[in-house]
**Q** 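This is the structure, below, for whatever I ask next.
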Amino acid sequence: MRSAVLWIYTALVFAFVFAPILFSVVFSFNSQRFPTIPLGEFSTEWYAKILADPDIWQAALNSLIVSSCTAVLATFLGFCTAYSDYRYRFRLKGAYLALILLPPTIPLIIMALAMLAWLSKIGMSGQLYSIIIAHTVLTAPFAMAVIRLRLNQMDENLEAAAWNLGGSEWATMRHVIVPFCRPAIIAALCLTAAVSFDEFAISWFVSGLNKTLPVAILEIVQGNIDPQVNAIGTFVFLISMSLIILAQIFLVGRQLKGHT
Amino acid sequence: MTRNTKPDFYALSWRLPIIIWQALFFLGPIVFMIAMSFFLVKNYRMTEAFEFVNWGRMMTRGYFWDSYWHTIWIASLSTLCGMLIAFPVAYTLAFRASENTRRMAIFLLIIPFFTSYLVRTFSWFVILSESGVLNAMLGWVGLGPYTMLNTTFGTLVGYMTLTLPLVVILQTLAMANIDRSLVEAAHNLGCKPLQTIWRVILPLAKTGMIVAAVFCFILSFGDFVAPFYLGGSQDPTLPILIIDTTKSGQQWPRAAVVAIMMMLTLFAVAFAGIALAYRKRAMS
């Protein structure tokens, strides 16, 4: 009995967490300008509106460029750090790891201000690559964590065995370690791309006139109630979810294979 | 295999990229922001200097301290609500759910991190508004309409949207690692469920619980979306103050002062949390 109460409560909290996501998808197909219940008619008006808006297309393109470049850079840096942490012990390693792991614990608004000030100072603000730089700092820790977990699963003697068989360190890296980490690398690419695709605070500060989709949403929301936001949001949600599910498939799928 | 030899070219080529990158684009910005808090602004242009003008100005302004204590208050309130609302869920997932259900639940709770927080907030804006979904539903049972937007309640709904998934995950992980036999032993010895939670489970899960609370505080403290869109920003929180100061009037140095005060506060909270987590229990 008490168990039932606990489960009902749990379901309610999950409902609270997912209500805004669900409603934004529902509202995006709803004809009302001020959505309420009973719902209005089914309509694709808001989708038609955003598809006809060249600003939104440009923002979507910007988002795509930013998130894919961020993913590649962050995953590369994350891999280097994860491998260094896995294989070597060295002085100040704690500080070294803190250097990559700290950024996500600092509030985005502070990172946004610091990035804006610094990038302006060195003449690199207001460009698409400004967002890429900032997002790489922000997402590299996630890539590092995913790849580091994968390296934990690697047999410690695998690398040494390859060296004994005459492979150089570089050849071993290329033919043994990178292939072993491939699922984690792909998962890291997806995760970092998804985080970058949704980030708005830093992008808003450093992007200048180059809006990404979340910044476009921010600007629409600042104006008034406009259900276009739900349509864009649903679109962004679909992309992010596909990336997360892909990441999950690569991580879990590989693990299952490893067990059989 | 972990060797402690002098780093060679191979080792350095894996170790250095992140050091260079973070020095340029993480330490650089943070250090520059601290330096910037001493710069001067003349005729809307920032000039490099070492003056305490901005600090003196911000520290003596009533609106800064109002905003500061308001932000601490509302982030604390959010942490309290988040921890209390999440606990029964985490308890259920940790002790009543099967391994598979728990894993599925945690996967579900990760999803919100990758959906736009802005869109979710906008969704709440529409749901909570005067003629919105919630008031329409309450109207069916003869209640309301209530004003929920532009209130502390609205801000808290936003904060919960942001923090609850993470808090539930962290609490669940903290409790899932507890040795079940200890909990069963407490039951067998006649400990009532609430007593078991208070005397056995919470002490064992203390570290994880504190981590959850600290993250809840950090997220709420630094968020500008919930207080701005759902709370109406009549009492601006520090993040809103940073945005206002940065975006209007080019007063970046003053915004830097606010940002540094925020970071110092968060350090203090994090250290207090760590101290609390590792404090030896006085009575055991």
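In the text below, chain A, chain B and the rest are named by the order of the sequence lines, each starting its count at 1.
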**Q** For the side chain to side chain contact (heavy atoms under 4.5 Å, CB included) test, which of A/Thr81, A/Ile100, A/Leu73 pairs with B/Trp21?
**A** A/Leu73
**Q** In terms of heavy-atom proximity below 4.5 Å to chain B, should A/Leu22 be classed as side chain, backbone, both, or neither?
**A**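 A/Leu22 has no heavy atom closer than 4.5 Å to chain B.
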**Q** Considering only heavy atoms, which portion of B/Ala90 lies under 4.5 Å from any heavy atom of chain A: side chain, backbone, both, or neither?
**A**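 Neither; nothing under 4.5 Å.
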**Q** Given the options B/Gly28, B/Ala105, B/Pro193, B/Ser13, which has more heavy-atom pairs under 4.5 Å with chain A than any of the others?
**A**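 The option with the most such pairs is B/Gly28.
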**Q** Working to the nearest 0.5 angstrom, can you tell me the gap between B/Ile18 CD1 and A/Leu97 CG?
**A** 10.5 Å
**Q** Between side-chain atoms of residues 13-20 of chain A and protein atoms elsewhere (two or more places apart, or another chain), which donor-acceptor pairs fall under 3.5 Å?
**A**
none

**Q** Is there side-chain contact between A/Asp198 and B/Tyr117, with at least one heavy-atom pair below 4.5 Å?
**A** no
**Q** A/Ser84 side chain to B/Trp14 main-chain N or O, any donor-acceptor pair under 3.5 Å?
**A** yes
**Q** Among A/Thr234, A/Thr105, A/Val229, single out the residue with the greatest number of heavy-atom pairs under 4.5 Å to chain B.
**A** A/Val229
**Q** Rounded to the nearest 0.5 Å, what separation is found between the CD1 atom of B/Ile111 and the OG atom of A/Ser240?
**A** 11.0 Å
**Q** Distance check, rounded to the nearest 0.5 Å: A/Ile21 atom CD1 versus B/Thr115 atom OG1?
**A**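 The OG1 atom of B/Thr115 is 4.0 Å from CD1 of A/Ile21, to the nearest 0.5 Å.
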**Q** Could you pull out the closest heavy-atom pair between A/Leu218 and B/Tyr229, with the gap in Å?
**A**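 Looking at all heavy atoms of both residues, the closest pair is CD1-OH, 3.7 Å.
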**Q** Does B/Arg15 make a cation-pi contact with A/Tyr96 (under 6.0 Å, within 45 degrees of the axis)?
**A** no
**Q** With a 4.5 angstrom heavy-atom cut-off, could you sort out which part of A/Glu199 is near chain B: side chain, backbone, both or neither?
**A** neither
**Q** Is it the backbone or the side chain of B/Tyr91 that comes under 4.5 Å from a heavy atom of chain A, or both, or neither?
**A** side chain
**Q** Under a 4.5 Å heavy-atom cut-off, does chain B meet the side chain of A/Leu138, its backbone, both or neither?
**A**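 Contact with chain B involves no heavy atom of A/Leu138 at all.
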**Q** Would you mind checking which part of A/Ile239 comes under 4.5 Å of any heavy atom in chain B, side chain (CB onward), backbone (N, CA, C, O), both or neither?
**A** neither
**Q** Take atom CZ of B/Phe215 as the centre, draw a 6.0 Å sphere, and report whether it contains more than 12 heavy atoms from other residues, nucleotides or ligands.
**A** no
**Q** Taking atom CD1 of A/Ile133 and atom CG of B/Leu24, what is their separation to the nearest 0.5 Å?
**A** 9.0 Å
**Q** Side chains of residues 31-38 of chain B: which donor-acceptor partners sit under 3.5 Å, not counting sequence neighbours?
**A**
{"residue": "B/Ser37", "atom": "OG", "partner": "B/Ile34", "partner atom": "O", "Å": "2.7"}
{"residue": "B/Ser37", "atom": "OG", "partner": "B/Trp55", "partner atom": "NE1", "Å": "2.9"}

**Q** Could you have a look at A/Phe23, A/Trp170, A/Phe76, A/Phe237 and say which one has the most heavy-atom pairs with chain B under 4.5 angstrom?
**A**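 Highest number of pairs under 4.5 Å: A/Trp170.
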**Q** Checking A/Ile110 against chain B: side chain, backbone, both or neither under 4.5 Å from a heavy atom?
**A** both
**Q** Below 4.5 Å from any heavy atom of chain A, which atoms of B/Thr163 appear? Answer side chain, backbone, both or neither.
**A**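 Nothing of B/Thr163, per the 4.5 Å heavy-atom cut-off to chain A.
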**Q** What part of B/Tyr10 is in contact with chain A, defined as an atom under 4.5 angstrom from a non-hydrogen atom: side chain, backbone, both or neither?
**A** both
**Q** What part of B/Met46 lies closer than 4.5 angstrom to a heavy atom of chain A: side chain, backbone, both or neither?
**A**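 When you check distances to chain A, no heavy atom of B/Met46 falls under 4.5 Å.
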**Q** Among A/Ala11, A/Gly78, A/Ala114, single out the residue with the greatest number of heavy-atom pairs under 4.5 Å to chain B.
**A** A/Ala114
**Q** Less than 4.5 Å to any heavy atom of chain B: does that hold for the side chain of A/Ser28, its backbone, both, or neither?
**A** neither
**Q** Among B/Ile19, B/Leu134, B/Ile110, which residue forms the greatest number of heavy-atom pairs with chain A at distances under 4.5 Å?
**A**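 Of the candidates given, the most pairs with chain A belong to B/Ile19.
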**Q** Of all of A/Leu243, A/Ile217, A/Val236, A/Leu116, which one pairs up most often with chain B through heavy atoms under 4.5 Å apart?
**A** A/Leu116
**Q** Just give me the residue among A/Leu213, A/Ile109, A/Leu191 that pairs up with chain B most often, heavy atom to heavy atom, under 4.5 Å.
**A** A/Ile109
**Q** Against chain A, work out which of B/Thr121, B/Leu238, B/Thr161, B/Ile218 has the most heavy-atom pairs shorter than 4.5 Å and name it.
**A**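 Between B/Thr121, B/Leu238, B/Thr161, B/Ile218, the count favours B/Thr161.
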**Q** Take a 6.0 Å sphere around CZ of B/Arg96 and say whether it holds more than 12 heavy atoms from other residues, nucleotides or ligands.
**A**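 For B/Arg96, atom CZ is crowded (more than 12 foreign heavy atoms under 6.0 Å).
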**Q** Applying a heavy-atom distance below 4.5 Å, give me the residues of residues 253-261 of chain B that approach chain A, sorted by number.
**A** B/Ala255, B/Ala256, B/Ala259
**Q** Measure the shortest side-chain to side-chain distance between B/Phe125 and A/Val221 over non-hydrogen atoms and say whether it is less than 4.5 angstrom.
**A**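 Sidechains of A/Val221 and B/Phe125: no contact.
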**Q** Heavy atoms only: give me the nearest A/Ser24-B/Val119 pair and the separation to one decimal.
**A** OG-CG1, 3.5 Å
**Q** Tell me whether B/Leu194 at atom CG has more than 12 heavy atoms from other residues, nucleotides or ligands lying less than 6.0 Å away.
**A** no
**Q** If you compare all heavy atoms of B/Leu118 against all heavy atoms of A/Pro214, which two are closest, and at what distance to 0.1 Å?
**A**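 For B/Leu118 and A/Pro214, the tightest heavy-atom pair comes out as CD1-O, 3.5 Å.
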**Q** What closest approach, in Å, do B/Ile85 and A/Tyr9 show between heavy atoms, and which atom pair accounts for it?
**A**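 Scanning both residues, the minimum pair turns out to be O-OH, 2.6 Å.
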**Q** Let me know if B/Leu164 has heavy atoms under 4.5 Å from chain A in its side chain, its backbone, both or neither.
**A** side chain
**Q** Look up atom CZ in B/Phe25 and atom OG1 in A/Thr136, then write down how far apart they are to the nearest 0.5 Å.
**A**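 These two atoms lie 9.0 Å from each other.
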**Q** Rounded to the nearest 0.5 Å, what's the gap from OG on B/Ser116 to CZ on A/Phe200? Could you check?
**A**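 One gets 6.5 Å once the value is rounded to the nearest 0.5 Å.
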**Q** Using non-hydrogen atoms only, which part of B/Leu108 is less than 4.5 Å away from chain A: side chain, backbone, both, or neither?
**A**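 Both backbone and side chain.
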**Q** Between A/Phe205 and chain B, with a heavy-atom cut-off of 4.5 Å, which part of the residue counts as in contact: side chain, backbone, both or neither?
**A** both
**Q** If you count heavy-atom pairs under 4.5 Å between each of A/Lys121, A/Met111, A/Met115, A/Met124 and chain B, which one has the most?
**A** A/Lys121
**Q** For A/Tyr129, which residues count as a side-chain hydrogen bond (donor to acceptor under 3.5 Å, both in side chains) partner, sequence neighbours excluded?
**A**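 None.
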**Q** Does some side-chain heavy atom of A/Trp118 sit less than 4.5 Å from a side-chain heavy atom of B/Leu27?
**A** no
**Q** How far apart are the C-alpha atoms of A/Val195 and B/Phe113, what are their side-chain angles, what is the distance that settles it, and do they pass the side-chain contact (heavy atoms from CB on, under 4.5 Å) test?
**A** CA-CA 8 Å; A/Val195 173; B/Phe113 288 109; over 6 Å; no
**Q** Need one label for B/Glu48: side chain, backbone, both or neither, based on atoms under 4.5 Å from any heavy atom in chain A.
**A**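 Side chain only.
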**Q** Which atom pair, heavy atoms only, marks the closest approach of B/Gln22 to A/Leu99?
**A**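 Of all heavy-atom pairs spanning B/Gln22 and A/Leu99, the closest is NE2-O, 2.9 Å.
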**Q** Would a 4.5 Å heavy-atom cut-off, applied to side chains only, mark A/Leu6 and B/Pro88 as touching?
**A** yes
**Q** What part of B/Ser131 lies closer than 4.5 angstrom to a heavy atom of chain A: side chain, backbone, both or neither?
**A**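 It is the backbone, since no side chain atom gets that close.
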